[in-house]
Structure formats: structure tokens, C-alpha cells
*Asks:* 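Have a look at this one before I ask anything.
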Amino acid sequence: MARQIGPIWVEPRELRLPPQTGGSRLFCWEANMKPMEKYEESDLYRIRHSAAHVMAQAVMERFPGQSKIAIGPPIEDGFYYDFDLPRPLTPEDLEAIERRMREIIAEDLPFTRQAISADEARRLFADQPYKLELIDGLEQGGLDEYGEPLDEKPEISTYTHGPFADLCRGPHIERSGQINPAAVKLMNVAGAYWRGDEKRPMLQRIYGTAWKTAKELEEHLARLEEAKKRDHRKLGAELDIFVFDEEVGPGLPLWLPNGGILIEELERLAKEMELRHGYDRVRTPHLSKEALFVHSGHLPYYAESMYPPMELEGVRYYVKPMNCPMHHKIFAARPRSYRDLPLRLAEYGTCYRFEKSGELFGLMRVRSMQMNDAHIYCSEEQFESEFMAVIGLYHEYFRIFGIEKYVMRLSTHHKRGLGKKYVDDERLWLKTEDMVRQAMQRGGVPFVEAADEAAFYGPKIDVEIWSATGREFSLATNQVDFAQPARFELKFTNAQGQEETPLCIHRAPLSTHERMVGFLIEHYAGAFPVWLAPLQAIVIPIADRHLEYGRRTAERLVAAGVRAQVDEGSERMNAKIRAAQLKKIPYMLVVGDRESQAGTAALRLRSGEDQGAVPVDEFIARLRREIEARA
RNA sequence: GCCCUCAUAGCUCAGUCGGUAGAGCACACCCUUGGUAAGGGUGGGGUCAUGGGUUCAAAUCCCAUUGAGGGCUCCA
């Protein structure tokens, strides 16, 4: 049942569809706030779902009697199927499986659905342990194929084509011949835990893609190629933004001068913005005694992600994985009155988290990070306006960067108990989640909800984005904390002279420098707007006799606060232009005889546009305006 | 952390059946002094990721370690 949240239509079932991809969430946002297309009811969904079954048949035939099959759903742009096989699959296996799939498609086998009882299903899949587990889940617990709870007890059904029968709720195409053999391709094999649980067996997952036409497949593959060119890891190296060094360690980026400029420009932006929004800037140490993290409650929840303690003079110290406890101590350092609230403490705090080695990913997931952090201490009455002011801040930032493709996600606690992941206070969970939900709805801000994604201390709104590789990341975050202020006994005196515990909002609209820069590299494909561009203008003298004028021109630019250089190399002008293009420098100032006599420069944009001779003074004034406007 | 794959010059890569290394780009120097995406020449640069093993002989085969990539899990 679709329902409207703010101006966006959201269908809860759809959001849960492939938990592995986040694809459907992207889908609904790109629908531009119109009711979302029902992927589950589309032809492509059926084609992909059926292609997964055809693939499973081919795999089972290749390992007769030795293939245990798990699940094989459609996902964004394709499908997968998980198998437990006697040996790892090779590229040759994939080719053979793909060939066999085409044969099965050519056989034009009908897909037939049959509703059966749980016992019949158990007999049918007697030698398929994963299917038996699914049947139990469907019958008893009302769990779907991902192990998520279902509202109602579903009917158990199978879909059969030729010799292959699968436990499946469908839907499918009518005949295997409806899959276009020229529009199917197996992509890669990967490991995946059964039911996404790292304690369960590791299965082999084959990813495939399927489209209606060969042309669509081709276009999809071309899109993947294009995306690879945007990959921040590739562009980051080409544009001299950052490097990783084996001796420094994984997940510990070294920022090159160009990266340093990006970081400083972002910090400058954050400082201006936070000053305007009433934040106070503070600075706190990189490490503290263990006691602080015991007090905050982080240690039991977070120890695995922290670098191990170092012990000196009998005291254990931890490098901080987050800044909040330090900010809480600043709040606690003085008696606070309601007149001090809201108190907004901001810092680009440097944190270290020991992310598991396999989780590292370029700049998007690192072990050392500088976080655009702030903690807002406020009363319950102030909560909504403070929380929504942060959301407003997001929007301001996103307008500056032209970020349009994102989803705001309300992350809540798990409905089936708090367990060890969450602070144990169901009432406060429900209360704060409702506060956030209502604030967002009243503010007319579209969002989707995700259970079991909250921070341990409270619900949050995360802004989800996608890297060029299609992986999903939280960029900004805006979190409610109902637990830590009480743990730290933070108090303020209210207007009635009584002591009250404030709420705390944790927020990071610009994420970490690492993830933000990684995201921006891909967002702009390396062609940063002028205000961010590490080198804003390059002067290109045509011949040596123009070098002097070129240097003077560059000096004037630098004196005006522009990041400019002169290309003194002995290559031809064409080669210099090419080099500047590859570095995506916004402005190229070509100077030769005509320009040095007239005091001008021939202006070329990285778009390729030639604007002809422009007086240097005029160019500087224009560039200054552009930089200041952060256009 | 787990499954799979990979590691040759700063970068992109070649190197057959084991016989101890090569190209283009980049860099340096020289020539060229040019009008909007690569002018020419010469040269420097690699203990073939690291450590073991097999072998008369290892970039090549085997093992381990480190790092990277595709996923899973986890997350700013």
C-alpha cells in the first residue's frame, strides 16, 4: 500500500526489496517525487527473475547432485543467485553456464506456478537444506527469503521450467524464450553469507544482468565503463589528490597538496556556514583515558571498531573514534542555564576507527577521518527547530554542491528487541523516533524509513548517496541522542530553576573530509567548480619570448588570491592545453605576441570553449566574483 | 573479518614451454618557438610486492605474509 511521506510516495515493501542493493530506494528518488514505478510488476523484473532460475538450472547441471541452491532475486539492473558448490567457480565455468543459459532460453520452456503445502515442499526439496530452511521460515515464523518478518503467512509456491523447480513466489515470464539471449550477461562471482549473516556459511553468488534488447545491455555496460572513469580512486590518483602508502597502512590516506586545498576550502565553507548558524567552534584532543569511553557507553558497543588501548604509567588511553564524549565534557565544564541553550559545539575532529580490512574502500571508508562534527545541546521544546535547522543546513550545502541524487533515511531501532546494539529504553526509542518522524513530516522533507539502522544512542536521519561503483554510503548524518547526556549527567537549569537533562543532536552535514572529497571527486568527475579547483587557472605561453609576460600574468592572479601557475615547459602550446585539460583546470590563459602587447590573455575553458582575448584585469575581477559566489 | 581474483618502471600494460626484463605515457637534457587536446631526438629509472620452498636455473611453479580489486558483513 503506497503512502505519502511529505511530497514523496513510498511503498514500504518496495524499500525492503533487495536489501543488498539499495537500488529500489534510488529508483524512488529518481522518480522525482512521483509515485514510484512498480519494479516488482515490470517486465524487466520478471525477465531478470526468470533469468536467475535459468542460471540456477545451468549451474545445477554443471554440478549434478552437488549444488545446494539458496535464493536468486532480481536486483537493480540485474539478478543474482547464491549457490553452495563443491569448488570455487572459475571464469570458464561462467562462460559455460552462460552458454547453457542460451540453450535453455532457446528451448522456450514454459514457467508454471504451483501452490503446495509445506510438507509437499519439504519432500520436493529434501536434498536442498537452504530451501528447507526457507520453507520453515515461511511456514512457522512468517519470514520471507531474506529472513525478514512478513505481515501475513504466505502461500508456498513453486515455479517450474523444464527440469528445474524452485521455491518461489514469482512473478515470472511465461516462457524462457521471452528472455532475450543477446541481452543477458553473467557479470562476476562473489562471496555472500547465507541470509547475510556472517556466522552462516559463505555461498558463491553469481551476478548477472538482463535487459530487453541487446542495445539496452550494451548501454548498461557502457554506463558501467563511464562510471569507472569517475571512480574517485582512479581520479584521485590522476589529479594528485591523495595516495595510500603500504608502510603507512590501509585506510590511512595521505593528502597531497591538491587534496589539502580541497580540505581547506571545505573547512572554510563549514566555518562560514556554522558561524552564520550560531555554532561555537571548539578543539579537542585525539585521545583520552579509557574512563571517558566507559562513561559515554561507547566501549561496550564500539570497542571492536576502536584501535586497541595504549597503556602508560598504568593508565589506558584510547584514540578517539568519535568526538561526542569530548564535547559532552565541554558542556559539563560550566554550569549551564536554559539561556545558554541551544549550545552548538562544532569541530572538524580527527577520529580513528579500526574498520575491518575488507570494509575499507578508497576514501569512502577509511580508518583515519576528519569529521565535520557538531553537537547541539537543547531542550525538548527546542528539539524540532534545531533538528530541522540541521536539515536546512544540509539543503544549503547540497545546493552549493548541486547534489540532487540522494535519499534521506530515518534509521530506527530494531522492532524485535533492543539486544546488545541499542541503549535499553524502548519508551525513549519510540518517543524520539516519533519526534524525528513528525518533524520531518511537518517540515515537508521526504524520507524513507529503515529499521535496525540507528546509532546505539538514538534514531537518526542519514543522507544516502551512491559511489560511482554503485555502492551505497551515508554521507551526512543527523542523530538524536537521548542516552549520553544522561550518562554524563549533563544538566541545565530551566526557567523554573529546576535541573533538566538536555537532548543532544549529533550532526555531520559534510560527512568526513575523506568521504566528502571522495564523493565530490565522483560527483564532479574531477572537474571541480572554480572555488574548489586545486589549480584555478594556468597561463600557457606560446613561445619562450612570452614566458616573462606569462609569469607576470600568473603573479597578478596569485596576488589577487587565485590559485594560478604558468606552464614553463618546452612543449608546444597544444600539448600544454592537453595537459591542462587532463588536469581539468577551469581556466587556461594562452598568451602570445598579441596578448603580451595588449595586456590580455586568450581565455580557454575546460569545456573547450574559446572566449578569445580578455583583459587580464577584467578576467581577475570576474574570477574573483565566481570564486566568492562558489558558483 | 569472510569468499574469490590480482600484484612487472611514477602510470597503463607486454613478457610464449621456467633460461635472471620490454613498450607507450610521465620524468631529465638537447633541438624545435609554435595560436587552442600529444613536435623530434637522447637519457635516467625495475633486487618483477615481501619472505620461504621446488629446480642446474624462478617475474614465470608451490606455500606464507603484505597490499589492492569484486562482493558479503559492517559503516561517516
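So that the names make sense, note that chain A is the first sequence line, chain B the second, and so on, each numbered from 1.
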*Asks:* Cation-pi check for A/Phe361 against A/Arg471: NZ or CZ below 6.0 Å from the six-membered ring centre and within 45 degrees of the axis, yes or no?
*Replies:* yes

*Asks:* Work out how far the C1' atom of B/U32 is from that of B/U20, and round it to whole angstrom.
*Replies:*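 Their C1' atoms lie roughly 41 Å apart.
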
*Asks:* Rounded to whole Å, how long is the line connecting atom CG of A/Leu89 with atom P of B/G71?
*Replies:*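 That distance rounds to 17 Å.
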
*Asks:* With a 4.0 Å limit, can you tell me whether A/Arg572 has a side-chain N or O closer than that to the phosphate oxygens OP1/OP2 of B/G40?
*Replies:* no

*Asks:* By nearest atom, which of the nucleotides B/C75, B/U36, B/G1 is closest to the A/Glu355 side chain?
*Replies:*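 So the side chain of A/Glu355 is nearest to B/C75.
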
*Asks:* When only distance counts, do a donor and an acceptor, one from the side chain of A/Arg365 and one from the base of B/C74, lie under 3.5 Å apart?
*Replies:*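 Pair found.
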
*Asks:* Got a donor-acceptor pair under 3.5 Å from the side chain of A/Thr512 to the base of B/A76?
*Replies:* yes

*Asks:* Report yes or no: is there a donor-acceptor pair, N or O only, under 3.5 Å between the side chain of A/Arg200 and the base of B/C2?
*Replies:*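 Answer is no: no donor-acceptor pair is held.
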
*Asks:* I'd like to know if A/Arg200 pairs up with A/Glu133 as an ion pair, taking the criterion as any Lys NZ or Arg NE/NH1/NH2 lying under 4.0 Å from an Asp or Glu carboxylate oxygen.
*Replies:*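 Counted as a salt bridge, because a side-chain N and a carboxylate O are separated by less than 4.0 Å.
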
*Asks:* Considering only the P atoms, how many Å lie between B/C62 and B/G19, rounded to the nearest integer?
*Replies:*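 My reading of the P atoms in B/C62 and B/G19 gives 15 Å.
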
*Asks:* Between B/G71, B/U73, B/G35, which one does the side chain of A/Met202 approach most closely?
*Replies:*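 Minimum distance to the A/Met202 side chain belongs to B/G71.
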
*Asks:* I want to verify a distance call: between B/A76, B/G67, B/G34, whose nearest atom is closest to the A/Arg353 side chain?
*Replies:* B/A76

*Asks:* Give a yes or no on whether a donor-acceptor pair under 3.5 Å exists between the nucleobase atoms of B/G71, that is its base, and the side chain of A/Tyr80.
*Replies:*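 Under the 3.5 Å cut-off, the side chain and the base do not form any donor-acceptor pair.
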
*Asks:* For A/Ala575, which contact category applies under a 4.0 Å heavy-atom criterion: base, sugar-phosphate, or nothing?
*Replies:* sugar-phosphate

*Asks:* Assign A/Asp610 to base, sugar-phosphate, or nothing according to its heavy-atom contacts below 4.0 angstrom with the strands shown.
*Replies:* base

*Asks:* Which nucleotide, if any, forms a Watson-Crick or G-U wobble pair with B/A7, using both distances under 3.5 Å?
*Replies:*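 Pairing partner, where one exists within any strand: B/U66.
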
*Asks:* Assign A/Ser305 to base, sugar-phosphate, or nothing according to its heavy-atom contacts below 4.0 angstrom with the strands shown.
*Replies:* nothing

*Asks:* To check you understand the geometry: which heavy-atom pair defines the closest contact between A/Leu510 and A/Ala270, and what is its length?
*Replies:* CD1-CB, 4.1 Å

*Asks:* Rounded off to whole Å, could you give me the CG-to-P distance for the A/Asp231 and B/G70 pair?
*Replies:* 7 Å

*Asks:* What is the distance, rounded to the nearest whole Å, between atom CZ of A/Arg578 and atom P of B/G35?
*Replies:* 18 Å

*Asks:* Check every strand shown and say whether A/Asp544 touches a base, only sugar-phosphate, or nothing at a heavy-atom separation below 4.0 Å.
*Replies:* base

*Asks:* Whether A/Arg471 contacts B/G71 is assessed here as follows: a side-chain N or O lying under 4.0 Å from the phosphate OP1 or OP2. Is that the case?
*Replies:* yes

*Asks:* Rounded to the nearest Å, what distance is computed from the CG atom of residue A/Asp452 to the P atom of nucleotide B/C74?
*Replies:* 8 Å

*Asks:* Can you measure A/Arg594 atom CZ to B/G34 atom P for me and round it to whole angstrom units?
*Replies:*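 So the CZ-P distance, A/Arg594 to B/G34, works out to 12 Å.
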
*Asks:* How many whole angstroms separate atom CG of A/Leu360 from atom P of B/A68?
*Replies:* 7 Å

*Asks:* Just compare B/U32, B/A68, B/G34 and give me whichever is closest to any side-chain atom of A/Arg545.
*Replies:* B/G34

*Asks:* Report the distance from atom CG of A/Leu203 to atom C1' of B/G70, rounded to the nearest whole Å.
*Replies:* 17 Å

*Asks:* Just to be sure I understand the rule, does A/Ser357 reach a base, reach only the sugar-phosphate, or reach nothing, if contact means heavy atoms closer than 4.0 Å?
*Replies:* base

*Asks:* Validate the cation-pi geometry between A/Arg365 and A/Phe473: distance from NZ or CZ to the six-membered ring centre under 6.0 Å, angle to the ring axis within 45°.
*Replies:* no

*Asks:* Taking only the P atom of each, what is the distance from B/C3 to B/C63 in whole angstrom?
*Replies:* 15 Å

*Asks:* Pairing check on B/C75: which nucleotide meets the Watson-Crick or G-U wobble criteria with it, both distances under 3.5 Å?
*Replies:*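 Checking every strand shown, B/C75 finds no partner, since no pair has both distances under 3.5 Å.
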
*Asks:* With the threshold set at 4.0 Å, does a side-chain nitrogen-carboxylate oxygen contact exist between A/Asp593 and A/Arg545?
*Replies:* yes

*Asks:* Taking the C1' atom in each of B/G46 and B/G10, what is the distance between them to the nearest angstrom?
*Replies:*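 Here B/G46 and B/G10 have their C1' atoms 12 Å from each other.
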
*Asks:* Is the terminal nitrogen or CZ of A/Arg48 (NZ for Lys, CZ for Arg) located under 6.0 angstrom from the six-membered ring centre of A/Phe79 and within 45° of that ring's axis?
*Replies:* no

*Asks:* Please report the distance separating the P of B/U60 from the corresponding atom of B/C17, rounded so that it comes out in whole Å.
*Replies:*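 B/U60 and B/C17 have their P atoms separated by 15 Å.
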
*Asks:* Provide the distance between the two C1' atoms, one in B/A14 and one in B/A23, to the nearest whole Å.
*Replies:*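 B/A14 and B/A23 have their C1' atoms separated by 7 Å.
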
*Asks:* Find the distance A/Met588:CE to B/A37:P and express it as a whole number of Å.
*Replies:*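 From A/Met588 CE to B/A37 P: 10 Å.
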
*Asks:* Can you check whether A/Lys460 has a side-chain N or O nearer than 4.0 Å to OP1 or OP2 of B/A76?
*Replies:*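 For B/A76, OP1/OP2 do have a side-chain N/O of A/Lys460 under 4.0 Å.
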
*Asks:* Give a yes/no on whether any side-chain N or O of A/Tyr207 is located under 4.0 angstrom from OP1 or OP2 of B/C72.
*Replies:* yes

*Asks:* Measuring from the side chain of A/Met573 (C-beta onward, heavy atoms only), which nucleotide among B/G67, B/A37, B/G35 has the closest atom?
*Replies:* B/G35

*Asks:* So what does A/Asp593 hit on the nucleic acid, given a heavy-atom distance under 4.0 Å: a base, only sugar-phosphate, or nothing?
*Replies:*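 Base, at least one base atom sits under 4.0 Å.
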
*Asks:* Taking the side chain of A/Val366 as heavy atoms from C-beta outward, which of B/A76, B/U73, B/U33 is closest to it?
*Replies:* B/A76

*Asks:* Report the distance from atom CG of A/Asp84 to atom OG of A/Ser67, rounding to the nearest 0.5 Å.
*Replies:*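 Going from the CG atom of A/Asp84 to the OG atom of A/Ser67 covers 9.5 Å.
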
*Asks:* Any side-chain N or O of A/Arg233 under 4.0 Å from OP1/OP2 of B/G69?
*Replies:* yes

*Asks:* Please confirm whether A/His298 and A/Tyr318 have ring centers closer than 6.0 angstrom.
*Replies:*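 When the ring centroids of A/His298 and A/Tyr318 are compared, they turn out to be at least 6.0 Å apart.
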
*Asks:* Within the structure shown, what part of the strands sits under 4.0 Å from A/Glu595 by heavy-atom distance: base, sugar-phosphate, or nothing?
*Replies:* base

*Asks:* Under a 3.5 Å cut-off for both contacts, is B/U42 paired Watson-Crick or G-U wobble with anything, and if yes, with which nucleotide?
*Replies:*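 Matched B/U42 with B/A28 under the 3.5 Å cut-off.
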
*Asks:* Looking for any heavy atom pair under 4.0 Å, which part of the strands does A/Ala190 touch: base, sugar-phosphate only, or nothing?
*Replies:*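 Answer is base: heavy atoms of A/Ala190 come under 4.0 Å of a base.
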
*Asks:* Heavy atoms only, 4.0 Å cut-off, all strands: where does A/Ala602 land among base, sugar-phosphate and nothing?
*Replies:* base

